[in-house]
Novice: 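Below are the structure tokens for one structure; questions will follow.
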Amino acid sequence: MAKYKEYQQLNLPAISQEVLAKWETNRAFEKSVELREGATPFVFYEGPPSANGLPGIHHVISRTLKDLVCRYKTMRGFQVKRKGGWDTHGLPVELGVEKMLGITKEDIGKKISIAEYNETCRREVLKYKDKWDELTRRMGYWVDLKDPYITFENNYIESLWWILSELYRKGLLYESVSIQPYSPAAGTGLSSHELNQPGCYKDVKDTSAVVMFKAVRDKKSEFLFKDLAADEELFFMAWTTTPWTLPSNLGLTVGPKIDYVLVKTLNPYTHLPVNVVLAKALLGKYFKPEAENGDFASHSSESKTLPWKILGEHKGAKLEELRYEQLLPYEANTPEKAGGDPFRVLLGDFVTTEDGTGIVHTAPAFGADDYKVGTKYNIGMLVMVDRQGKFIDGLGEFSNRYVKNYKDDPNYVDVNVDISVKLKKENRAFRIEKYEHNYPHCWRTDKPVLYYPLDAWFIRTTALKDRMVELNKTINWKPRSTGEGRFGNWLENMVDWNLSRSRYWGTPLPVWRTDPDDDGAGAREEICIGSVAQLKEAVRASIMAGLMSPPVGDDVETYINKITSDLHKPYVDEIVLVSTTGKPMRRVADLIDVWFDSGAMPYAQWHFPFENQKTFAENYPADFIAEGVDQTRGWFYTLHALGSLLKESVHEELKKVVPAGTDLDAKYPGLAYKTVVSNGLVLDKNGNKMSKRLGNVVNPFETIDKFGADATRWYLITNASPWESMKFDLDGIREVQRKFFGTLYNTYQFFALYANVDGFDFKEAYIPPVERPEIDRWILSSLNSLIVKVTESLDDYEPTIAGRLIEEFVDEHLSNWYVRLCRRRFWKGEYEHDKICAYQTLYECLETISRLMAPISPFFSDWLFTNLEDATGRIRAASVHHVDFPVANADFIDLPLEERMQMAQDASSLILSLRKKVNIKVRQPLQKVLIPVLNPAMKDQLQKVEDLVMAEVNVKEIQYLSGTDGFIKKKIKPNFIALGKKLGAKMKAVSTALAQFTQENIEKLEKEGDITLFIDKEPLILTINEVEITSEDIPGWVVANKNALTVALDVTVTPELAQEGNAREFVNRIQKIRKDNGYDLTDRILVKVADVPALSESLNRFNEYICAEILADSIELVKEPANGTEIEVNDIFLKVFVTKKA
RNA sequence: UGAUCCGUAGCUCAAUGGUUAGAGUACCAUACUUAUAAUAUGGCGGGUCCGGGUUCAAAUCCCGGCGGAUCAACCA
């Protein structure tokens, strides 16, 4: 007969390794997928990691989450294919390579060719792939690593090109100017990623100016001027921290709802009388209250305070379209050069009254808000600064001066100061001061960034905004708030997706176009390539037109194949196409955002639509994805955006492969995923972010080596909800190892020990629960309740709750109650009905637990499962991951039984605590416990478990006290939930009234079912259901209570009880000797005991009991046993002599 | 700067708006131990980050701060 394996001690890392080896030999993962062939697919998308960095412990949590869901769904009968993937393009890769080679971006194409550079990136990006694969294996993450998608592969890029060409065809891909951070010192635009490097935003002091734009007096502005004399001037006051943008000013923006005032005052620098407009809320910044309506006549240049007077007040909306004179006119910045209709007052919602004057100086070239409002009002654009960061020609004394000290010139004179001085002199400045603010700097040159208009390609996501918002409402977000809050907000404030990146290692934008004509006029021809075949065709045409030619030795086809074999730079840039009018077309220089790569994975991982259309149709959209919360606006967004944008294109392709009549709209609504779990960050144990710099990074390999993957995974999942950021502490894993795995291991070990002795291998027929003892029915009921709850939790993507429930069951119910109370059933008596019941019950619990915990801790569960399975062959499965998830049997669930067992546990705990209080050890039997019962049902419940309680706490009898005999002192309080609505404000009064109830009052209420109170002389009827009555005390007894349960213990130790206690104590001493002598559990013994008067009566009286317990035929009382062991029984000392019976 | 999330005992976490805010762990003490690196019992330990408000009742809902985290950025 097969035996259950027994172990010396729990070794989780060894179990991991052993199980892993078995999986690999048996192809357990592949088989788990094959076994579900033909089943409903459950679609999972793997968010591609970048393998150019080492994996950390935070990767273990998101991958555990992904893995457990996939394993769970497999066990629930779905087929879950899991295609792995690698994210391979992008800035981090390039920066890593540059660091490794010791070069900068400028060196590319000079010190190193683009081809070599990109080759290095291609190689480096998978540098740590082995490490990643190892982590994947070791942590037990089942994902297909043999056939992953890789974003740099041609097929992948071809799919991306198809998507781009579809978007282009629908007018959703366009080129436009955008205002982007730009570093003149480095000569390059900066990505937001670069701008978010630590230390980029710095506090700096800049010259800020409140300047005065002179209003034009005309019909529209007359309402402002009406109280002014004909020669009086009126100014709009605007504030800027970048005076160098003033020559490019084309508008002034006010908030439509903000109140503005017209103030008569004096210019603090020239002391000339002026009238200025500014936000009312900011008056205090410029004028002192005591000077209001001050004396203008006596003001002199020495006066400290400016007199002022409010002449009028208007909403910003009223100022719209008023005109003003250009502040700094030169030959280079004439309105004609700007185009449009400049120098007007505009309305913008972004204006605030936090700072400045409430009027925003607007230079469309140098701010994104400015650009947006400028475009809306068509005020044109002036770019008075070149790409080196200096003023262009034709700006008088400022021409060719750097707007910031970009060249580290020791003699640099701040042009912003000079502009301010000029404005002061011209009566155009109201306040010039140094202002400290937070401003972005280039991470490489440390010089201030400026916002500058650059060409870029965009995806018109805003066109599909409504669809994206609608579809988002159908996504199951975990946690919900991320979808509604962070993601929902992000969608509401969506801007078009800027795709352009001016780098080298990435997916090239497949747009070719003719050169601009010399005069810049005339339409340019443009083509967006959507496939390799199309590209080849175009190259062939170009060769025919003589624009390209194969090198010597290559025929045309070889050349075409060669040049299209790598769709990266520099090769694609060598391709020159021919336009319909015969002109050469060159590729635009841009690469695309890497987020596009990963967001397109649902399509590109299958090389859709060029092949695998059916596979795609079955694997779109995803049922489930999971990544860190930092991906909300990254991967989660790009997947969602492309899903919405491509809906129609996908439908067109799928029409070709799905059966006629398929409701495409229902099946493919443009959604990329149905459920998304965003997990939180992993912090170190002090709550700090893990970073190499701080040296607090936890090495996942070491952790798994030391504790095994199971304990690590269990800890990560049960410690905190996945979406909360967790403080990672190795002590927590130790605790999980000890408390949960240790307990479960020991329970198994206990089972194996006795099952092997008795030869239990589940060959007897399954005994129906009704034929099993109460305690078996109870644990089976709890077990099935557990299955229900765990299933619900996992279906709801709440693995934390599931794990905690399993823990609680194993520890509280199975190990520390069921096994503890049932121990004797396993080692006492013959192998017959009761014993078999016990074995079957415990076996079923262990086997079910192994299946319930399998998704979270795949190794240990498989170990436990196969240990059981190998001995019984009950299910005939090679792995727990090939069997179904347990299904609860409703017939086994008996809630009243679970409830009364809880009462038994509580009662035992209370009685033990009373024993403790009076210092009577458990081995000393006591006579009686009193338990007041509040109703007949409670008594009934308790009676059914009284044997268990009596045995557990070693008392002989339980007496129930019903409420009416006046023996118990009761307490009453309102049932707040029931009374809340009825009483409202009277609650307090009722509460006080109840507190003053006498025992008689309570009794009356109990008897009659209701009672009338007088609150504020108003009668008020309270029914028995609206109060809670508990028994508090039994006068004269030692009492303890918990919730509704009260127990009182009779602590009198009669001489008879003392004798029995002695007998028990004696048994205990003999058992210890048995153990010390190393006897087997079944060995019978011979016992000789010194005849001590104090104990002899006990030994005689309980002779039978003692012999049964210690496996002796009799106890021989002798005068003084030779070679005896000295023992102590309740302060009685004596010698005993124990030998094994031959 | 904004949006979102989080803030409860030394630590890790609970608590459908309902009345002494609970577990585990750590620490101390006692007992127990033929499954247990166990267990039982008791003790120690917070008034829920701070300040307002709504409510008969707030850890929980609202407003404003503070601190931490993430993402985003365009702040004149």
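Lettering of chains follows the sequences in order, A, B, ..., and the numbering in each one begins at 1.
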Novice: To the nearest Å, give me how far apart CG (A:Leu744) and C1' (B:U36) are.
Specialist: 12 Å

Novice: When you check the glycosidic angle of B:G51, does it come out syn, meaning within 90° of 0, or anti?
Specialist: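 Here the answer is anti: the torsion falls beyond 90° from 0.
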
Novice: Categorize A:Ser815 for me: base, sugar-phosphate, or nothing, with a 4.0 angstrom heavy-atom threshold over every strand shown.
Specialist: base

Novice: Could you tell me whether A:Lys372 contacts a base, only the sugar-phosphate backbone, or nothing, with contacts defined as non-hydrogen atoms closer than 4.0 Å?
Specialist: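 Nothing, no nucleic acid heavy atom in range.
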
Novice: In whole angstrom, give the distance that lies between atom CD of A:Glu808 and atom P of B:U12.
Specialist: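 About 22 Å, once rounded to whole Å.
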
Novice: Can you check the A:Trp595 CH2 to B:A72 C1' distance for me, whole Å?
Specialist: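 The answer, rounded to whole Å, is 13 Å.
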
Novice: Base, sugar-phosphate or nothing for A:Arg915? Non-hydrogen atoms, less than 4.0 Å.
Specialist: nothing

Novice: So which nucleotide does B:A3 pair with, by the Watson-Crick or G-U wobble rule with both distances under 3.5 Å?
Specialist: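 Pair assignment: B:A3 / B:U70.
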
Novice: Considering only NZ, NE, NH1 and NH2 on the basic side and carboxylate oxygens on the acidic side, decide whether A:Glu952 and A:Arg820 come within less than 4.0 Å.
Specialist: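 Salt bridge between A:Glu952 and A:Arg820, a charged N being under 4.0 Å from a carboxylate O: yes.
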
Novice: Is any side-chain heavy atom of A:Asn954 closer than 4.5 Å to a side-chain heavy atom of A:Leu926?
Specialist: no

Novice: Roughly, in whole Å, what's the span from CZ in A:Arg480 to P in B:C5?
Specialist: 13 Å

Novice: Would you mind reading off the distance between A:Asn679 atom CG and B:C6 atom P, rounded to a whole angstrom?
Specialist: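 So the two atoms are 16 Å apart, to the nearest Å.
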
Novice: Just so I know, are the side chains of A:Phe826 and A:Val757 near enough to count as touching, which here means a heavy-atom distance under 4.5 Å?
Specialist: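 They are not in contact (no side-chain heavy atoms under 4.5 Å apart), so the answer is no.
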
Novice: Is A:Asn1068 touching bases, backbone alone, or none of the nucleic acid, heavy atoms closer than 4.0 Å?
Specialist: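 Contact class for A:Asn1068: sugar-phosphate only.
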
Novice: For A:Ile977, report the nucleic acid contact type (base, sugar-phosphate, nothing); a contact means any heavy atom under 4.0 Å.
Specialist: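 Here A:Ile977 touches the bases of the nucleic acid.
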
Novice: Check this for me, if you would: do A:Arg1069 and A:Glu1065 make a salt bridge, where the nitrogen-to-carboxylate-oxygen distance has to be below 4.0 angstrom?
Specialist: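 Salt bridge present between A:Arg1069 and A:Glu1065.
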
Novice: Would you mind classifying the nucleic acid contact of A:Gln1071 as base, sugar-phosphate or nothing, using non-hydrogen atoms under 4.0 angstrom?
Specialist: base

Novice: Could you tell me whether A:Val819 contacts a base, only the sugar-phosphate backbone, or nothing, with contacts defined as non-hydrogen atoms closer than 4.0 Å?
Specialist: base

Novice: Which nucleotide, in any strand shown, forms a Watson-Crick or G-U wobble pair with B:G17, with both distances under 3.5 Å?
Specialist: none

Novice: Paired with B:U34 by Watson-Crick or G-U wobble geometry, both distances under 3.5 Å: which nucleotide is it?
Specialist: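 Its partner: none found.
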
